Student: 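Sharing a structure here in structure tokens format.
Chain letters run A, B, ... following the sequence lines, proteins first, then strands; residues in each count from 1. Note that this is a predicted model, so its numbers are computed, not measured.
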Number of protein chains: 2
Amino acid sequence: MGSSYHQFCPVAKAMELLDERWTLLIVRELVTGSRHFNELRRGVPRMSPTLLSKRLQQLVRAGVVDRRTDGPNVQYVLTPAGEELRPVVEALGAWGVRWIGELGDEDLDPKLLLWDMHRNIDHTAVPNGRTVVEFTFPDAPTKSRHWWLVITANEADVCDVDPGYEVAVNVLTDLRHMVEIWRGDRSWSDALGAGTIELRGTPALRRGLPTWFTLPAFASVPRPA
Amino acid sequence: MGSSYHQFCPVAKAMELLDERWTLLIVRELVTGSRHFNELRRGVPRMSPTLLSKRLQQLVRAGVVDRRTDGPNVQYVLTPAGEELRPVVEALGAWGVRWIGELGDEDLDPKLLLWDMHRNIDHTAVPNGRTVVEFTFPDAPTKSRHWWLVITANEADVCDVDPGYEVAVNVLTDLRHMVEIWRGDRSWSDALGAGTIELRGTPALRRGLPTWFTLPAFASVPRPA
DNA sequence: CAGTATCCCTTATGATACTG
DNA sequence: CAGTATCATAAGGGATACTG
């Protein structure tokens with residue numbers, strides 16, 4: 001646990017738990033719906049598993065997370081106390097998207113982007129059967145230039161190798177532009193109009209694609225003038 | 001500045017700035033209205049001035065705080081971006097007061113308590129002229145057992161030595177109980193009824209005293225059943 | 001009042017490899 | 001899948017004293 005501030009103020013008491021590196025990002029992952037250890041890892045890929053494990057234990061001890069085991073099965077679930085951290089995460093997201101606009105190249109992780117998109121798919125909007133979306137980031141290093149999202153009725157998988165299925169739509173854009181759309185810094189239609197992003201596929205599928213994804217909540221936060 | 005999470009998520013970007021030790025407590029102080037270096041210090045007494053200075057510089061660089069100089073006079077003021085951290089601080093306070101109830105003895109700092117009370121006085125409720133409130137914490141070590149609040153029309157001073165003026169009301173209670181009232185864990189009337197706190201003075205002044213202070217915002221947050 | 005200057009030292013955490 | 005084990009480094013930060 002973080003060391004004490006020696007203050008009775010609830011802000012200080014809350015931060016004793018929450019100001020440690022990574023902690024609130026794990027809460028964010030849990031709020032987003034991740035439950036399994038390796039699922040959480042994908043949301044915080046730069047964190048060592050040792051540290052993730054330690055943080056989860058701290059959150060359990062703090063009463064924020066419940067660790068449920070069912071045989072070999074392990075789940076991490078937010079307690080009521082943890083669930084009430086959602087407004088904190090949302091407030092931070094809203095603030096961050098308004099006031100920390102500048103992203104470094106270091107912040108642009110295609111794997112993280114695809115991971116995030118894959119769990120925000122509106123399956124009711126995607127055509128029936130199997131739909132494959134290919135992402136091509138011409139500016140990315142060779143090995144992280146191509147990604148595939150394989151979407152079925154109630155699942156979606158991220159691939160960094162060609163799964164071999166027919167591609168419905170190919171999304172061509174610089175990684176940064178795709179991230180900007182995803183964060184709500186720019187709308188699909190703006191980016192398409194400006195030509196910073198290109199969709200390849202049948203007109204119907206190209207028109208449909210932007211509706212297949214539900215942008216994160218903070219994307220709709222109005223930006224400062 | 002805190003090191004990068006290498007994530008484009010605004011929660012992560014926000015936390016790169018805010019998850020460093022003390023940072024959000026300084027923001028809390030600024031939100032509360034403190035402007036001067038030594039005024040801020042009193043709100044985070046366990047922080048070394050070097051570190052406070054460093055944090056303030058970080059906040060200035062991040063565009064959250066504006067450092068204004070007028071000759072020898074220095075003021076730290078929240079920018080619009082900083083002002084918008086208020087909801088974050090409030091969300092943390094509301095969460096903390098609901099879910100981090102247990103205070104260690106280490107968290108009970110009488111100086112901090114008096115400092116916090118002194119800036120939350122409703123001067124319109126206090127009798128005209130000079131009003132002195134003495135606090136006696138029988139459980140505290142000798143040197144921090146007695147405190148005085150000297151309230152005048154538009155000022156209030158905290159003293160740890162008897163200022164010599166006539167005392168209007170003497171508040172007698174364990175430090176912990178006073179903190180509980182201040183945090184809203186318990187109401188004045190509850191505590192008075194239970195006898196965990198005692199007021200000495202004329203009936204009118206004793207009745208009036210609870211109205212002289214405006215409890216912090218989080219005090220009114222409903223607690224979990 | 002508004003900070004700097006040092007100094008030491010713990011401990012947090014990144015990196016990597018490994019296990020049931 | 002769900003973690004543990006180990007290690008070495010950096011640096012974060014506490015304490016204290018001092019200055020214009």
Side-chain angles (χ1 to χ4, degrees), chain A residues 1-7 12 15-26 29-30 34-61 65-77 106 109 112 115 155 157-158, chain B residues 1-7 12 15-26 29-30 34-61 65-77 106 109 112 115 155 157-158:
Chain A
M1 189 87 62
S3 60
S4 170
Y5 283 118
H6 299 278
Q7 297 202 357
M15 287 312 280
E16 285 179 13
L17 173 68
L18 301 174
D19 73 359
E20 284 190 299
R21 191 163 161 76
W22 295 110
T23 300
L24 221 31
L25 300 200
I26 297 169
E29 290 305 301
L30 290 162
S34 288
R35 313 231 105 112
H36 297 280
F37 193 84
N38 286 331
E39 198 179 358
L40 290 164
R41 281 194 71 176
R42 278 180 221 112
V44 284
R46 300 185 62 99
M47 196 178 184
S48 86
T50 307
L51 189 52
L52 173 55
S53 173
K54 182 182 168 189
R55 285 286 184 276
L56 285 168
Q57 288 171 38
Q58 290 174 308
L59 289 170
V60 168
R61 253 181 288 136
V65 169
D66 189 17
R67 182 182 189 273
R68 295 186 191 157
T69 58
D70 177 18
N73 222 341
V74 182
Q75 287 213 7
Y76 295 94
V77 186
E106 308 260 305
D109 181 338
L112 212 42
W115 171 253
E155 264 202 322
D157 287 314
V158 178
Chain B
M1 187 88 64
S3 61
S4 171
Y5 283 118
H6 299 278
Q7 297 201 358
M15 288 312 279
E16 285 178 13
L17 173 68
L18 302 174
D19 73 358
E20 283 189 301
R21 190 161 163 77
W22 296 110
T23 300
L24 222 29
L25 300 201
I26 297 169
E29 290 304 303
L30 290 163
S34 287
R35 312 233 108 113
H36 297 279
F37 192 84
N38 286 332
E39 197 179 0
L40 290 164
R41 281 194 71 177
R42 277 179 221 114
V44 284
R46 301 185 61 100
M47 196 177 183
S48 85
T50 308
L51 190 51
L52 173 56
S53 172
K54 181 181 168 190
R55 286 286 184 277
L56 285 168
Q57 288 172 37
Q58 290 174 308
L59 289 170
V60 168
R61 255 181 287 136
V65 169
D66 189 17
R67 182 181 190 275
R68 297 186 191 158
T69 58
D70 176 19
N73 221 340
V74 182
Q75 286 214 8
Y76 295 95
V77 186
E106 308 261 303
D109 181 338
L112 213 41
W115 171 252
E155 263 202 323
D157 287 315
V158 179

Student: Compare all side-chain heavy atoms of A:Trp115 with those of A:Asp109 and state whether any distance is below 4.5 angstrom.
Tutor: no

Student: Cation-pi check, A:Arg21 to B:Tyr5: give yes when NZ or CZ is under 6.0 Å from the six-membered ring centre and within 45° of the ring axis, no otherwise.
Tutor: yes

Student: Measure the distance from CZ on B:Arg46 to P on D:dT16 and round it to the nearest whole Å.
Tutor: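 In whole Å, D:dT16 P lies 11 Å from B:Arg46 CZ.
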
Student: What is the separation between atom CG on B:Leu25 and atom C1' on D:dG13, rounded to the nearest whole Å?
Tutor: 14 Å

Student: Rounded to whole Å, please give me the gap between CD in B:Glu20 and P in D:dG14.
Tutor: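 After rounding, the gap between these two atoms is 12 Å.
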
Student: Look at the side-chain N and O atoms of A:Trp22 and state whether any lies under 4.0 Å from the OP1 or OP2 oxygen of C:dG14.
Tutor: yes

Student: Between B:Arg21 and C:dA12, does any side-chain N or O lie under 4.0 Å from OP1 or OP2?
Tutor: no

Student: Using a 3.5 Å distance criterion without hydrogens, assess whether the side chain of B:Glu29 forms a donor-acceptor pair with backbone atoms of B:Arg42.
Tutor: no

Student: If a protein heavy atom is under 4.0 Å from the base, mark B; if only from the sugar-phosphate, S; if neither, -; do that for nucleotides 2-8 of chain C going 5' to 3'.
Tutor: BBBBB--

Student: Contact between A:Lys54 and A:Ser48 at the side-chain level, heavy atoms closer than 4.5 Å - yes or no?
Tutor: no

Student: What's the spacing between A:Leu40 CG and A:Ile26 CD1 if we round to 0.5 Å?
Tutor: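 One gets 7.5 Å once the value is rounded to the nearest 0.5 Å.
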
Student: Examine the side chains of A:Arg61 and A:Gln58 and answer whether a donor and an acceptor come within less than 3.5 Å of each other.
Tutor: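 No - no donor-acceptor pair under 3.5 Å links their side chains.
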
Student: Check the distance between D:dG12's P and B:Glu16's CD and give it to me in whole angstrom.
Tutor: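 Distance check: B:Glu16 CD to D:dG12 P gives 13 Å.
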
Student: Working to the nearest 0.5 Å, report the span between CD of B:Gln75 and CZ of B:Arg68.
Tutor: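 So the gap between those two atoms works out to 7.0 Å.
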
Student: Atom CZ of A:Arg35 to atom P of D:dC1: distance rounded to whole Å?
Tutor: 17 Å

Student: It should be established whether A:Arg42 places a side-chain nitrogen or oxygen under 4.0 Å from OP1 or OP2 of nucleotide D:dC1.
Tutor: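 A:Arg42 to D:dC1 OP1/OP2: side-chain N or O found under 4.0 Å.
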
Student: Do you know the tightest heavy-atom contact between A:Gly43 and A:Leu112?
Tutor: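 That closest heavy-atom pairing would be O-CD1, 3.7 Å.
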
Student: Write down the distance between CG (A:Leu52) and P (C:dA12), rounded to a whole number of angstrom.
Tutor: 17 Å

Student: Side chains of B:Ser34 and B:Tyr76: closer than 4.5 Å at any heavy-atom pair?
Tutor: no

Student: To the nearest angstrom, how far is B:Met47 atom CE from D:dT16 atom C1'?
Tutor: 16 Å

Student: For the helix from C:dC1-D:dG20 to C:dG20-D:dC1, measure the angle between the helix axis at one end and the axis at the other, each built from five pairs, rounding to 10°.
Tutor: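 That helix gives 60° between its end axes.
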
